[in-house]
Amino acid sequence: MLVLPNGVRHFPGFLDSDEQEALLADIRAVVTAAPLYVPTMPKTGKPMSVRMTNCGPLGWVTDKERGYRYQDTHPEIGNPWPPMPERLLALWEAVAEYPHPPEACLVNYYTDTAKMGLHQDRDEKDFAAPVVSVSLGNACLFRVGGTSRSAKTVSFRLESGDVVVLGGEERLCYHGVDRIYPDTSPLLRNSGRINLTLRRVNPPTAS
DNA sequence: GAGTGGCG
DNA sequence: CCGC
């Protein structure tokens, strides 16, 4: 495990190729049940370059009219999100250092030209839980800054099977994807990248 | 309550 | 690629 200058934890090669294939099979089943859709920006309706879906009890969605939010159904087909695959719950348990399961797994599909601007994950009510990110398929150039937009950023390459954890002081760090490196992983037949983002949305209820 | 885009 |  590597700790970057800004404190973000990076686990290179956390998943071996068999584990990546097994996880990809789980995600293919998720996408069959809950198709990828084109998210749009609040107010402007401008489409984002990534395609999205979710699994787990809650999913992160955005559209022109209602903006960024979590909801328990797919915005286009209206069905509940498919369940969180067991191996993602196990991955969370292995790296999150947090005693409650994630409620949402956002599936982002990047074509080789897709990007994600610098942003914070701040639509959750529980910032005590970390954000856990899993990379599959082509490599990307990932940028992480501090908790203000103007803080200096560091960039590094994420490969298929890598896991990144934003937790503790780094939970609200700005981050984004500047570039996909085409033809750098055979996992998706060299076509694009999948990022899985596991998040806790609500604080655990006392029980 | 806007915003994870876009440009030099 | 990174700062604005």
Side-chain angles (χ1 to χ4, degrees), chain A residues 4-10 27 31 34-56 58-71 74-76 81 102-127 129-159 162-167 169-184 192-202:
Chain A
L4 304 177
N6 57 16
V8 171
R9 291 186 292 154
H10 178 201
I27 298 307
V31 171
L36 293 166
Y37 75 100
V38 181
T40 55
M41 295 294 292
K43 306 297 180 188
T44 65
K46 180 187 280 275
M48 296 173 64
S49 60
V50 300
R51 302 295 174 256
M52 291 185 176
T53 189
N54 289 269
C55 56
L58 292 171
W60 187 90
V61 298
T62 175
D63 59 32
K64 178 179 181 178
E65 293 74 21
R66 299 178 60 194
Y68 301 167
R69 65 198 187 273
Y70 282 92
Q71 64 180 41
H74 191 289
E76 295 190 342
W81 301 107
E103 294 171 289
C105 172
L106 174 62
V107 179
N108 285 154
Y109 174 69
Y110 293 77
T111 63
D112 285 342
T113 55
K115 293 167 292 189
M116 179 73 77
L118 266 194
H119 67 279
Q120 289 176 299
D121 288 12
R122 56 177 303 158
D123 299 315
E124 301 74 31
K125 292 174 186 151
D126 183 5
F127 294 148
V131 173
V132 173
S133 162
V134 185
S135 294
L136 293 173
N138 284 341
C140 75
L141 186 65
F142 187 65
R143 283 174 89 175
V144 190
T147 52
S148 77
R149 185 176 279 279
S150 57
K152 192 176 67 174
T153 62
V154 294
S155 295
F156 60 102
R157 184 172 165 126
L158 291 181
E159 304 280 353
D162 288 6
V163 171
V164 171
V165 178
L166 302 179
E169 300 284 297
E170 294 71 47
R171 171 64 179 75
L172 291 170
C173 282
Y174 278 83
H175 57 281
V177 172
D178 274 346
R179 163 154 145 81
I180 304 296
Y181 296 108
D183 301 330
T184 48
R193 170 176 184 266
I194 292 171
N195 180 260
L196 308 174
T197 309
L198 303 172
R199 303 186 187 101
R200 183 83 202 177
V201 179
N202 300 116

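Per chain, numbering begins at 1; letters A, B, ... match sequence-line order. Side chains are part of it too, since the values below use all heavy atoms of this structure and drop only hydrogens, waters and symmetry mates.
- In this structure, H74(A) and W81(A) have tilted ring planes: the angle between them lies in the 30° to 60° band.
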Side chain to side chain contact (heavy atoms under 4.5 Å, CB included) evaluation trace for W60(A) with V201(A): CA-CA 10 Å; W60(A) 187 90; V201(A) 179; over 6 Å; no
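- Among the heavy atoms of the strands, none lies under 4.0 Å from S150(A).
- Here salt bridge (Lys or Arg N to Asp or Glu O under 4.0 Å) pairs that include residues 34-45 of chain A, with residues two or more places apart or in two chains, number zero.
- Panel note: side chain R200(A), backbone P130(A); no donor-acceptor pair is recorded below 3.5 Å.
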Stepwise side chain to side chain donor-acceptor pair (under 3.5 Å) check, S133(A) with N195(A): CA-CA 7 Å; S133(A) 162; N195(A) 180 260; 2.8 Å; yes
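- Side-chain atoms of T62(A) come within 3.5 Å of backbone N or O of T40(A) as a donor-acceptor pair.
- Checked against side chain to side chain contact (heavy atoms under 4.5 Å, CB included), R179(A) has the following partners two or more places apart in sequence or in another chain: L141(A), Y181(A), P182(A).
- Y181(A) comes within contact range of the sugar-phosphate backbone alone, with a heavy-atom separation under 4.0 Å but no base atom that close.
- Taking a pair to require two hydrogen-bonding distances under 3.5 Å in either a Watson-Crick or a G-U wobble arrangement, dG3(B) remains unpaired.
- Without hydrogens or angle criteria, R51(A) side chain to M48(A) main chain gives a donor-acceptor distance under 3.5 Å.
- The residue R69(A) sits apart from the nucleic acid: no heavy atom pair falls under 4.0 Å.
- Taking R66(A) as the reference, nothing meets the salt bridge (Lys or Arg N to Asp or Glu O under 4.0 Å) condition, with sequence neighbours excluded.
- Put simply, the side chain of S135(A) never gets that close to the backbone of L158(A): no donor and acceptor are under 3.5 Å apart.
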Intermediate values then yes/no, salt bridge (charged side-chain N to carboxylate O under 4.0 Å, His left out), D63(A) and R69(A): CA-CA 9 Å; D63(A) 59 32; R69(A) 65 198 187 273; 3.1 Å; yes
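- Remark: L141(A), R143(A) in residues 132-146 of chain A come within less than 4.0 Å of DNA chain C through at least one heavy atom.
- Along DNA chain B, the stretch of nucleotides lying under 4.0 Å from any heavy atom of chain A spans, 5' to 3', dA2(B) to dG6(B).
- No donor-acceptor distance shorter than 3.5 angstrom exists from the side chain of T53(A) to the backbone of V31(A), with no hydrogens or angles considered.
- Nucleotides of DNA chain C lying under 4.0 Å from heavy atoms of chain A occupy a range whose first and last members, 5' to 3', are dC1(C) to dG3(C).
- In this structure, the side chains of M52(A) and Y37(A) come closer than 4.5 Å at one or more pairs of heavy atoms.
- For residues 110-121 of chain A, the pairs satisfying side-chain hydrogen bond (donor to acceptor under 3.5 Å, both in side chains) are T111(A)-T113(A), D112(A)-N138(A), H119(A)-D121(A), H119(A)-H175(A), Q120(A)-R122(A), Q120(A)-Y174(A), D121(A)-H175(A), D121(A)-R199(A), with sequence neighbours left out.
- In terms of the salt bridge (Lys or Arg N to Asp or Glu O under 4.0 Å) criterion, residue partners of E159(A) (sequence neighbours excluded) are, by chain and number, R157(A).
- A heavy atom closer than 4.0 Å to some atom of DNA chain B occurs in P42(A), K43(A), K46(A), M48(A), these being the qualifying members of residues 42-55 of chain A.
- Of the possible polar contacts, one joining the E103(A) side chain to the N202(A) backbone as a donor-acceptor pair under 3.5 Å is found.
- Contacts of residues 59-68 of chain A with DNA chain B (heavy atom under 4.0 Å): W60(A), Y68(A).
- Among residues two or more places apart in sequence or in another chain, the salt bridge (Lys or Arg N to Asp or Glu O under 4.0 Å) test is passed with D162(A) by none.
- Counting non-hydrogen atoms of other residues, nucleotides and ligands closer than 6.0 Å to CD of E76(A) gives a total above 12.
- In DNA chain C, runs of at least 3 consecutive Watson-Crick or G-U pairs, each pair with both distances below 3.5 Å, span B:6-8 with C:2-4.
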